[in-house]
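First the structure, in the form of structure tokens, and then the observations on it.
Just so we're on the same page: letters track the sequence lines, and every chain starts at 1. Everything numeric in this text was worked out from a predicted model, so none of it was measured.
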There are 2 protein chains.
Amino acid sequence: MPTPLPIAPIESPEACAGTPLGRAIRLLGDAWVLLIVMNLLHGPQRFNALRTMLGRISTKTLSQRLKALEELGFVQRQAFLEIPPRVEYHLTEQGQELGDVIESLERFGKKHLAGSAVPSLDTCLTDAHEASATETTCAE
Amino acid sequence: MPTPLPIAPIESPEACAGTPLGRAIRLLGDAWVLLIVMNLLHGPQRFNALRTMLGRISTKTLSQRLKALEELGFVQRQAFLEIPPRVEYHLTEQGQELGDVIESLERFGKKHLAGSAVPSLDTCLTDAHEASATETTCAE
DNA sequence: CAGGATCCGATCGGATACTG
DNA sequence: CAGTATCCGATCGGATCCTG
């Protein structure tokens, strides 16, 4: 029993905006947000640069997430009055601290999701096919 | 400049299953998974107990996530041969380490998402309405 | 009680087209 | 280049019904 963690139970994603952890989950329980933040950790990035790094993300999705992150004060948008236009996004002081979260994610990933220890992460999260896991435990 | 974090850029949620961090994001970039893990941190929980804690999650969604977590070896399912049936889910050794991630989420939330510092987290993540953020910066 | 199967509406997110 | 607006298909997830 490592750290008992006095965490209070929380409700669904939609309803749990009351507690700080709940809010964090609402915000960071989104793969796109995590990926964007991750890429911004390297330094400022331009809109299309991000788009490229993220593979196939639509402008819609990207600008949506960026706007949210901006409104929350984690990302700063900086537009240069040039032509053609240039806009750079970078993490704010607060946003930088998201690095800790990413870091803990990475540590976890490296430790437990590194090898092909799993049939296929995709398969798991996608369909609910038949699988054996490590064989369900029975008792009593 | 805290920790430069030598993290390599990653692609979209679907494609980035190659790197450990990518996998972690795929798995934990899901609010339900985070919430479930969070509640399991307290100790073993029964199916319907979890359902209640999570507010309005459907049996489908819940069993889906639990199955995924089980296949990945982070959750252990334990069925008791009783009647009425009883099934308990608990975190495995590996799953316990998800506590670190949750913890970092909580720290972040407490620090930056505590007060009403934000117009409304929901609003941000929901619609892409007009908002001013802290006023976009211009330069050059 | 635990959960699989199904139906179906709500939402998400990509592609496209168009503006500054 | 940096977006916004729109259309629309794919997916998610809740409600419901049913079995063991």
Closest approach to the side chain of A:Pro84, judged atom by atom: which nucleotide of D:dT4, D:dG13, D:dC1 is it? D:dC1

With sequence neighbours left out, what residues match B:Lys111 under salt bridge (charged side-chain N to carboxylate O under 4.0 Å, His left out)? A:Glu97

Below 4.0 angstrom from OP1 or OP2 of C:dA2, is there any side-chain N or O of B:Arg46? yes

In whole Å, what is the span from the CZ atom of A:Arg86 to the C1' atom of D:dG3? 17 Å

Where each residue is assigned the nucleotide of DNA chain D containing its nearest heavy atom, which of A:Val87 and B:Thr59 is assigned the position nearer the 5′ end? A:Val87

If only side-chain N and O atoms of B:Arg65 are considered, is one of them under 4.0 Å from the OP1 or OP2 phosphate oxygen of D:dG13? yes

Length of the CD-P vector between A:Glu70 and D:dA2, whole Å: 15 Å

C:dA2 P sits how many Å from B:Glu88 CD, rounded? 9 Å

Can you list everything that forms a ring pair (Phe, Tyr, Trp, His ring centres under 6.0 Å) with A:Phe108? Sequence neighbours excluded, please. A:His112, B:Phe74

Looking only at atom types and distance, does a side-chain atom of A:Asn39 sit under 3.5 Å from a main-chain N or O of A:Leu35, one as donor and one as acceptor? yes

D:dG3 phosphate, OP1 or OP2, under 4.0 Å from A:Tyr89 side-chain N/O: yes

Can a side chain N or O of B:Lys60 be found less than 4.0 Å away from OP1 or OP2 on C:dC7? no

Grab the CG-C1' distance between A:Leu50 and D:dC1 for me, whole Å please. 14 Å

Nucleotide nearest A:Trp32 when distance is taken to its side chain, options C:dG14, D:dA15, D:dT4: C:dG14

Atom-to-atom span, CG of B:Leu62 to P of D:dT16 - whole angstrom: 18 Å

Of all heavy-atom pairs linking B:Lys60 and B:Ser63, the shortest is O-OG, 3.2 Å

In whole Å, what is the span from the CD atom of A:Gln45 to the P atom of D:dG3? 14 Å

Take A:Thr61 and A:Pro85, find for each the nucleotide of DNA chain C with the closest heavy atom, and name the residue whose nucleotide sits nearer the 5' end. A:Thr61

B:Leu81 CG to C:dA2 P, straight-line distance once rounded to whole Å: 14 Å

Just how far, in rounded Å, is P of D:dT4 from NZ of A:Lys67? 4 Å

Picking from A:Leu66, A:Leu62, A:Ile57, what satisfies side-chain contact (heavy atoms from CB on, under 4.5 Å) with A:Trp32? A:Ile57

Looking only at side-chain atoms of A:Ser63, point me to the closest of D:dT4, C:dC1, D:dG13. D:dT4

